[in-house]
Amino acid sequence: MGSSVRLKDVTHVYVNKQGATLALEGINFTLKDGEFVSIVGPSGCGKTTLLSIMAGLFKPADGKVEVNGALLEGPSPHIGYMLQQDYLFPWRTIWDNALLGLELRKAITPESKEYTLHLLEEMGLADTLQRYPSQLSGGMRQRVALVRTLAVKPDILLLDEPFSALDYQTKLQLEDLVAMTLKKHGKTAVLVTHDISEAIAMSDRIIILDRNPGRTRREVAVPEAIRNESPFLAREAEGFHPLFHTIWQEFEAIEKDAVERKGGPGP
Ligand code: ADP
Ligand code: MG
C-alpha cells in the first residue's frame with residue numbers, strides 16, 4: 001500500500017506563563033510514498049514540534065496533517081517515531097525491549113515475533129537478545145530502538161536526531177544501516193537533524209526551516225548522483241560539497257536575519 005503525508009498550513013503556538021511562542025507558521029509539504037525527506041534548521045526552530053505534530057502527539061494550533069488521505073487526529077499505526085534517546089527499559093532484555101511496541105498494541109503473534117527476530121538479525125543484534133540495555137553500546141541501543149519501531153510495521157518513520165548522541169564513526173555506520181534497511185523495506189521517512197552532511201547523505205529532499213517562527217525557508221532536491229550512493233559514499237559524490245555550501249550559506253543567512261531582527265549585534 002502506498003503511504004503519503006500532507007501538511008497543510010501547519011502552525012503551532014506554545015502558551016505558558018511566560019507568554020506565547022509561535023513555534024511553527026504555515027508549514028506546507030507533501031511526502032510521497034517511499035520518499036526520504038530531511039528537515040534541517042538551527043536549534044529551536046521547531047523541528048521536534050513539527051515531528052511531534054506529524055506523529056499525532058498533539059494537534060497543531062492551526063492547519064492539518066493528512067496521512068494516506070485521512071486527517072491525523074492522534075497517534076497512528078501507520079507512523080513510527082524514533083527519538084534521539086533510545087528509551088529502552090533497563091530491566092527488560094533486548095528481546096523484550098524489541099517486542100515492546102507489539103506488546104502495547106496487543107499484536108504479539110508467532111509471525112510478528114518472527115519478523116522482530118529477523119529485524120534484529122538484520123541489524124546485527126542476534127547475539128544480544130538475552131542481554132540488557134546497559135550491556136550494549138550507544139549504537140547498538142539505537143539499533144534496538146529502530147527494530148522496536150519497525151517491528152510494528154509502520155509505513156512512515158519519523159526520526160528525531162537519532163544519531164546525534166553517537167560518536168562519529170558509529171553515526172556513519174548507523175546512517176548506512178538505517179538507509180539500507182528503510183530502502184529495503186520500502187519505508188517513507190522524515191529525518192530531523194541539525195547535521196547538514198547527514199541530511200544530504202541520507203535524503204531525497206531537504207527542507208530548511210527558518211527560526212522564530214519556524215517557517216519553510218527553502219527546499220532543495222538532492223541530485224541523483226548523491227542519492228544513488230550509500231550515505232557514507234555519498235559524501236564523496238559529485239555535487240555533495242556545492243550542496244553543503246548552499247545549505248551552509250542558508251544557515252548563516254538565518255543567523256544573520258535573527259541578529260538583524262534583534263536590532264543588530266549590539267554596540
Ligand atoms: P528544535 O527541535 O528545532 O530544536 P523545538 O520544536 O524543540 O525546536 O522548539 C521550537 C520552539 O518552541 C523553541 O522556541 C522552544 O523553546 C519552544 N518550545 C518547545 N517546546 C515547548 C513547550 N513545551 N512549551 C513552550 N515552548 C516550547
Ligand atoms: Mg529538537
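Just follow the structure's listing: the first ligand is 1, and inside any ligand the first atom is 1. The first residue in the sequence is number 1, and the count goes up from there.
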Considering all protein heavy atoms, does one lie under 4.0 Å from atom 24 (N) of ligand 1?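 Given the 4.0 Å limit, the answer for atom 24 (N) of ligand 1 is yes, a protein heavy atom qualifies.
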Can you check whether a protein heavy atom sits less than 4.0 angstrom from atom 19 (C) of ligand 1?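 It does: a protein heavy atom is found less than 4.0 Å away from atom 19 (C) of ligand 1.
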May I ask you to check whether His118 and Glu122 show a side-chain donor-acceptor distance below 3.5 Å?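 Yes, a side-chain donor-acceptor pair sits under 3.5 Å.
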Tell me, do Asp257 and Glu260 make a side-chain contact under 4.5 Å, heavy atoms counted?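 A side-chain contact under 4.5 Å exists here.
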Number the atoms of ligand 1 from 1 as they appear, then name those within less than 4.0 Å of a heavy atom of Ser43, with their elements.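 Ligand 1 atoms under the 4.0 Å threshold to Ser43: 4 (O).
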Numbering the atoms of ligand 1 from 1, which are under 4.0 Å from a heavy atom of Asn16?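 This gives 25 (C) as the contact atoms.
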Verify the distance test for Ser43 against the Mg ion (ligand 2): any N/O/S atom under 2.8 Å, yes or no.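 Given the 2.8 Å cut-off, Ser43 does not count as a ligand of the Mg ion (ligand 2).
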What residue and heavy atom of the protein are closest to [atom], and at what distance?
atom	answer
atom 15 (C) of ligand 1	Gly44 O, 4.9 Å
atom 5 (P) of ligand 1	Thr49 OG1, 3.6 Å
atom 22 (C) of ligand 1	Tyr14 CD2, 3.4 Å
atom 7 (O) of ligand 1	Thr48 CB, 3.8 Å
atom 8 (O) of ligand 1	Gly46 N, 3.2 Å

Looking at CG of Leu209 and OG1 of Thr216, how far apart are the two atoms once the value is rounded to the nearest 0.5 Å?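 That separation rounds to 6.0 Å.
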Strictly below 4.0 Å, N to O, side chains only: are Lys171 and Asp195 in salt-bridge contact?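 A salt bridge links Lys171 with Asp195.
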Do the charged groups of Arg211 and Glu255 touch, with an N to O distance under 4.0 Å?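 Yes, charged N to carboxylate O under 4.0 Å.
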Between Asp210 and Arg215 (side chain of the first, backbone of the second, donor and acceptor by atom type, cut-off under 3.5 Å), is there such a pair?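 No.
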Here's a test for you: under side-chain contact (heavy atoms from CB on, under 4.5 Å), which of Thr11, Asp62, Leu50 qualifies with Leu24?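 So the option named by the test is Leu50.
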Option passing side-chain contact (heavy atoms from CB on, under 4.5 Å) with Val5 (candidates Thr30, Asp33, Leu158, Leu31):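 By the side-chain contact (heavy atoms from CB on, under 4.5 Å) criterion, Val5 pairs with just one of Thr30, Asp33, Leu158, Leu31: Leu31.
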Ligand 1-proximal atoms of Leu209, by part, heavy-atom distance under 4.0 Å: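 For Leu209, there is no contact with ligand 1 at all, from either part.
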Would you check whether Gly41 reaches within less than 4.0 Å of ligand 1, judged by its heavy atoms?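 Distance cut 4.0 Å: Gly41 fails for ligand 1.
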